[in-house]
Participant: 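Questions regarding the structure given below will be posed in turn.
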Amino acid sequence: MVNAPNFLISHPNYFIMSEYKPQEIEKKWQKIWKDNQTFKTEFPSKKPKYYVLDMFPYPSGAGLHVGHPLGYIATDIVARYKRLKGYNVLHPMGYDSFGLPAEQYAVQTGQHPAITTENNIARYHEQLDNIGFSYDWSREVRTSNPDFYKWTQWIFVKIFNHWYNKESDKAEPIETLYKKFSENGNVKVKAVCDENTEPFSAQEWNAFSEEQKHEISLKYRLAYLSNTFVNWCPGLGTVLANEEVKDGVSERGGFPVERKEMAQWSMRITAYAERLLKDLDGLDWSDSIKEQQRYWIGKSKGCMLTFQIADLPSFKNLEGLNTPPLTPPQGEGNTISVFTTRVDTIYGVTYLTLAPEHELVDKITTPEQKAKVNAYVHYAKNKSELDRQADVKTVTGEFTGAYAINPLNNALIPIWIGEYVLAGYGTGAVMAVPSSDTRDYAFAKHFNLPIINVQEGEKTDITKEDFDPKAGTMINSDFLNGMDVKSALDAMTKRVEELGVGYGKVNYKIRDSIFSRQRYWGEPIPVYFKNGLPYTLDESQLPLELPKIDEYKPTANGEPPLARAKNWVASSPPLGEGFGEGLGEGSNSQLQNANLPSWQTTDAIKWKAIKEKARELRKNQTDAEQTLWYALRGEQLGVKFRRQQVIDVFIADFVNLNTKLIIEVDGGIHLDSDVKKYDEYRTEVLQNLGYTVVRFTNEEVENHLDRVIEKIRNKISELPKLNPTFANSQKTPPLTNSASISQNHLGEGKYPLETSTMPGWAGSSWYFLRYMDAKNESEFASKDALDYWQDVDLYLGGSEHATGHLLYSRFWHKFLYDLGYVKTKEYAKKLINQGMIQGVSAFFRVVGSGLNYKRDINDELPDDIDRPVYIVSYGLQNNEYIDLIKQDLLKRNPKIAESNLEFNISFGIHRIDITNVDIDNSIDINEIVDFLERNEIKGEKILISKIPNRYICNREVEKMSKSKLNVVNPDDVVSKYGADTLRMFEMFLGPLELSKPWSTSSISGVSRFLRNVWKMFYDESGKLLLTDEAPNDKELKVLHKTIKKVEEDIERFSFNTSVSTFMVCVNELSDLKCHKRTILSDFLIILAPYAPHIAEELWEAMGNKNGISYAIFPKYDEKYLVESSFEYPISINGKVRHKMNFPANMDLKEVENQALASAEIIKWLEGKAPKKVIVVPNKIVNVVL
RNA sequence: GCGGCUGUGGCGAAAUUGGCAGACGCACUAGACUUAGGAUCUAGCGGGCAACCAUGGGGGUUCAAGUCCCUCCAGCCGCACCA
């Protein structure tokens, strides 16, 4: 552009100075900001603070699409605005850089996830820089950096070393618990702990060895290791948190998830349930998020009730219900605990229902019912989570034969089991009141159980649509009769407490969160094992860095990847805590399994269970299995097979142990893709164990047995034979104790380290604190920094983290609050969830293979017909293209007579990448032809369209994603229109919280607006137009109303409306031909947060030496906005009929009189006197007739 | 089924406390300039010839309702046998 030829000078495009060239000025200012560290946060500072934060991004390989920066732009506007307002702004960015995708990639390619992550971050960073964000990059953090995760581990150690004291209602150091135990034992201690904690006295405690004490303390610590049922995902090879499982499959990847008992680290978030719930009230977060969290915590107030189980022999003859027993039976420990929120309905209880897994089921079932109950329990236990969720409507259950006694009226009530009762909630048992609970009602109806109404009045009929369980007054309920539900609840709670058969209790749905993942790319858990018990490393030993390993998959034994590390051991443990001499046997120990690092699943019991399962399967062979078994036995293959042999945690159908050949027969159900994935995973693990897996379908075995045997024979001959000792070794559990393996290369005084890592949410639970003092090497953040920055003033991100990150981070923050590190109970005052930007996918349709021409209904045209692929543009009427196709076909195939040609057209609809689709939805036909060729759709292609060589696509709004070919890359938008246009346009699209589709066509309006801004400063010849004239009232009014509106808009996060306001302002100033310095100077400052580059450029052009980023936001002055007159709309009966101009301060009576006197209004009055006249000052006049 | 959010022109939307519905922008139409236009400028643009009718449907409160109340419907998101 430097030496433009003279004759082109007159062409507007070639005036360099006059034209707004975003690409040049944006790069220029981004460099200046970087070089001058313009946005480096000052600390310490006397200014008031403002902390504005974006949710921690995971740097994915796909890079940003235009939806991602939406929130970043909004926060950047706020950050820049607050700087102009004189605040010291903390506006940082960093990366949640541990995570599954990088690890999956590592597993596949062997590339270290750190490298993948680094590359992705570099790309992410570049894309962010393109948009001109004002982040203080000197505070960037990455969760995968050891200097960051050192502190994540440090917090973990703190959590491990604290317990929750319900009396002080906060976390306290474990030492205070030890002290309480040594003084009083554990009975009086009000602590949040495991359910099954055994009571002990001070004497007993003091007699325990250090190790026994440590073991007991694990039941109290806020981070603990225990055997729990977890969501095990074989496809991902790890456990998942509850909120990472959706509809029975993993949220990431969609792999099936099964319930499995494993030793796992957990966080005792339940201790904080009440505070997490209560403090929601004070938060300025969206209702939706708060509701989701409330629901997740799931507080219910109710009553714990004890039902005695009737001593059966003495009641054997009592069949009828409500027959008072002669003497209340006093069975020892024969009680069922029930949690109910409706203790007021206790007179309506007609049966109890236990979860099939309930521990008492076995004990109470009568011999007569045993078979049925066992069958039912078996059925329920084998039902997967997915199946259970799928059919909630089918009522199933079984009578145990046992009875319980209603503690209020001594009525005998039958005890049932039913899968609608969840083992994990409450006590796993419910008192069923079919008249007041719809599930109980359904169950009672289905099994013909009695129903006693205990409420009467409106809406109390459970069979009716409008049933309200809490409506009406109590009946059939003794002393409760006549009370409403609320008072009955209170009265009955009081009564059961007096009777000693129950007590009021608050129940929470939230579970402790599983904290370990069997993965490599996460924070190592800073724990080592000594004599099977977990101890945390000393602070001085942190960070515990991720070791180098050769591969990123689980080991052959199914251990987490970290078990591959050489020397994954702690050197001599810290002194002091928990290292007595005594090696307590811990015979009753729940934690025998804690002998093993937490991945370990196969304890003796488990092993036995698998063996039993195998035996069972052996008895119930499928036909195909039976056939193959006889063939394998009968054929002289030279090797011996075993069937249903346990290998690792799997049961292989047929195994030859000498060649390590496994033959699997699947029942045809394995066509399902999920099962297939699981099979592949299973095969992979078995291969890692050195096995060869061959798979046949039932069909193959039953119909082509000879071929199957032939294949097996060939396989066997290929495989080397092993010596028999190996085969024998399979008799012992194959999952070896990893601790003992690791012991092999332990030095003296060395202990094996935990091999699982922390979950994705660990780092993000506190990163916002690290930004306050990101470089601190001696603390996670200094006290000064924490005291000054306090909390996040504005937090912006997607709503998908409602019950994950947003709950866990609140939990950790409260923990740090208890310890006195932070001063705020909540870390984010205001939370906004930005909406999604959707993509607008493009589709085209072809009539090709899907085309049917019929001479008559039963007769299709022969295949040799000349039948091209018709690409039929949208926007054509049916008759238009059908005729065209008809004519064309007849021309090509003269032998077809038109009269017997019948059309039955079906389209093939395909997506096409939106990159080349034009604003008018048209696309070059060659793009479509190329697409069809690539997808091997053969034949001559014919375009049917109104526009030559262009096809009009169909558009549909969908989620923006690569697979839908509708992604818009912000880099492309920036290079075409500039970052300022992108920023303003994203805001202009609509309210921040709402989802809205990206619209490429309307971006031109915003682009034009910025050029109009430029034109207020420069004329066409590139001459500055600024004048020093004093502004007039009109100009001042335009400016000040804009200042006022923009300020209000930013304060209420309504960014779309301020873009409109800017447009109005520029339109009006242009109409006024205003080029006055004072006006434009202020205008630039208020525009700067939205369009910082152009604002800086023009600000500099005005002669300002300092950048605009720290200018002072102009203060609007009400006096410029005052109108001297107001144009009143005069309405008759609410409809505007006329307008009249009156002085703004005119007396209301006078306004009324003049309005009524006007010719226009007299006409409308038609001689009648108005009933009433309302005059709202400077708003409206309404005449009521 | 339960909970939350959202329904306004052809499209994105505005109307902050009940007071002139549709600001601002896109698309569209006509015109100007131009060798040219996917550039720029000017004008028009909810429907209806009009009276009038229009903020998802119906009802209500009010002098006045997109806004408040009741009720129904649709879409999106979340939860889902929670005793």
Side-chain angles (χ1 to χ4, degrees), chain A residues 11-13 243 246-247 286-292 294-296 298-300 302-303 338-342 345 353 388-389 391-395 418-422 424-433 436-440 442-443 507-509 799-800 802-803 833 835-836 838 918-920 985 988-991 993-1006 1008-1009 1011 1015 1020 1045 1048-1049 1051-1052 1054 1056-1065 1067 1127-1139 1170-1176 1178-1185:
Chain A
H11 194 289
N13 282 343
E243 66 286 346
K246 298 268 139 84
D247 301 323
S286 76
D287 290 339
S288 151
I289 296 272
K290 291 207 276 189
E291 272 309 306
Q292 280 180 56
R294 284 190 190 110
Y295 191 79
W296 191 261
K299 179 179 183 173
S300 49
C303 215
V338 159
F339 177 75
T340 177
T341 54
R342 291 298 304 278
T345 61
T353 317
R388 268 204 182 195
Q389 283 172 18
D391 74 348
V392 295
K393 290 209 178 81
T394 325
V395 177
E419 62 177 333
Y420 82 98
V421 178
L422 304 176
Y425 185 74
T427 61
V430 299
M431 57 171 234
V433 186
S436 303
D437 181 288
T438 45
R439 288 154 311 165
D440 295 343
F443 195 84
N507 200 31
Y508 296 93
K509 202 168 65 179
S799 56
E800 66 272 20
T803 50
N833 303 116
M836 268 196 301
Q838 293 144 321
D918 222 325
I919 285 173
D920 62 357
F985 181 60
F988 186 61
L989 276 174
E993 290 97 329
L994 295 188
S995 291
K996 53 249 159 184
W998 178 262
S999 152
T1000 304
S1001 58
S1002 46
I1003 197 169
S1004 59
V1006 172
R1008 199 169 301 150
F1009 158 75
R1011 267 176 285 154
K1015 279 194 218 158
E1020 285 182 2
K1045 176 93 169 102
E1048 283 170 359
D1049 284 347
E1051 298 285 355
R1052 68 191 173 103
S1054 170
N1056 55 328
T1057 50
S1058 33
V1059 178
S1060 301
T1061 306
F1062 286 126
M1063 288 175 172
V1064 173
C1065 177
N1067 289 350
E1127 189 184 46
Y1128 277 91
I1130 317 290
S1131 52
I1132 311 283
N1133 286 341
K1135 289 195 180 5
V1136 177
R1137 299 299 184 190
H1138 187 50
K1139 292 195 175 173
K1171 278 194 194 130
K1172 196 175 176 186
V1173 179
I1174 290 126
V1175 182
V1176 185
N1178 294 325
K1179 280 268 164 66
I1180 202 166
V1181 176
N1182 192 14
V1183 180
V1184 186
L1185 289 183

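First the proteins, then the strands, lettered A, B, ... as listed; each starts at 1.
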Participant: Of all the base pairs, Watson-Crick or G-U under 3.5 Å, which form stems of three or more consecutive pairs involving RNA chain B?
Facilitator: B:1-7 with B:73-79, B:10-12 with B:24-26, B:28-32 with B:40-44, B:56-60 with B:68-72
Participant: Compare side-chain N and O positions of A:N1067 against OP1 and OP2 of B:rC24 and report whether any pair is under 4.0 Å apart.
Facilitator: no
Participant: Does A:K1045 reach a base, just sugar-phosphate, or nothing at all? Heavy atoms under 4.0 Å.
Facilitator: base
Participant: When you match A:D437 and A:S1004 each to their closest nucleotide on RNA chain B, which lands nearer the 5' end?
Facilitator: A:S1004
Participant: Counting only N and O atoms by type, is there a donor-acceptor contact under 3.5 Å from the side chain of A:T353 to the main-chain atoms of A:A429?
Facilitator: no
Participant: Would you indicate, yes or no, if B:rA83 has its OP1 or OP2 atom less than 4.0 angstrom from a side-chain nitrogen or oxygen of A:Y425?
Facilitator: yes
Participant: Give the rounded distance in Å between these two atoms: OH of A:Y295 and P of B:rA83.
Facilitator: 8 Å
Participant: With a 4.5 Å cut-off on side-chain heavy atoms, are A:F985 and A:W998 touching?
Facilitator: yes
Participant: At under 4.0 Å between heavy atoms, what does A:I1174 touch on the DNA or RNA strands: base, sugar-phosphate, or nothing?
Facilitator: base
Participant: When you check the phosphate oxygens OP1 and OP2 of B:rC82, does a side-chain N or O of A:R342 lie under 4.0 Å from one of them?
Facilitator: no
Participant: Hey, does the side-chain of A:K1139 have a donor or acceptor N/O within less than 3.5 Å of a partner on the base of B:rC20?
Facilitator: yes
Participant: Describe the nucleic acid contact of A:F339 in one word from base, sugar-phosphate, nothing, applying a heavy-atom distance below 4.0 Å.
Facilitator: base
Participant: Counting only side-chain heavy atoms from C-beta out, which of B:rC26, B:rC82, B:rG19 sits nearest to A:N1182?
Facilitator: B:rG19
Participant: Between B:rC82 and B:rC73, how far is it from one P atom to the other, in whole Å?
Facilitator: 23 Å
Participant: Which parts of nucleotides 40-50 of chain B does protein reach within less than 4.0 Å, heavy atoms only, written one letter per nucleotide 5' to 3' as B for base, S for sugar-phosphate only and - for none?
Facilitator: SS---------
Participant: Using 4.0 Å as the upper bound for N to carboxylate O, is an ion pair formed by A:K1045 and A:E1048?
Facilitator: no
Participant: What is the distance from NZ of A:K1135 to C1' of B:rA65, rounded to the nearest Å?
Facilitator: 12 Å
Participant: Base, sugar-phosphate, or nothing for A:D440, non-hydrogen atoms under 4.0 angstrom?
Facilitator: nothing
Participant: Categorize A:T341 for me: base, sugar-phosphate, or nothing, with a 4.0 angstrom heavy-atom threshold over every strand shown.
Facilitator: sugar-phosphate
Participant: Check the phosphate of B:rC63 against A:K1172, side-chain N and O only, distance under 4.0 Å to OP1 or OP2. Yes or no?
Facilitator: yes
Participant: Record whether the side chain of A:S1060 comes under 3.5 Å of the base of B:rA23 through a donor-acceptor pair of N or O atoms.
Facilitator: yes
Participant: Under the salt bridge (Lys or Arg N to Asp or Glu O under 4.0 Å) rule, collect the residues that match up with A:E800, sequence neighbours excluded.
Facilitator: none
Participant: Could you please name the option among B:rG19, B:rC81, B:rG4 that lies closest to any side-chain atom of A:Y420?
Facilitator: B:rC81
Participant: Report the glycosidic orientation of B:rG48: syn if within 90° of 0, anti in every other case.
Facilitator: anti
Participant: What nucleic acid atoms does A:V1184 come within less than 4.0 Å of, heavy atoms only: base, sugar-phosphate, or nothing?
Facilitator: sugar-phosphate
Participant: Between B:rG47 and B:rU55, how far apart are the C1' atoms? Round to whole Å, please.
Facilitator: 14 Å
Participant: Would you mind classifying the nucleic acid contact of A:D287 as base, sugar-phosphate or nothing, using non-hydrogen atoms under 4.0 angstrom?
Facilitator: sugar-phosphate
Participant: Assign A:E1048 to base, sugar-phosphate, or nothing according to its heavy-atom contacts below 4.0 angstrom with the strands shown.
Facilitator: base
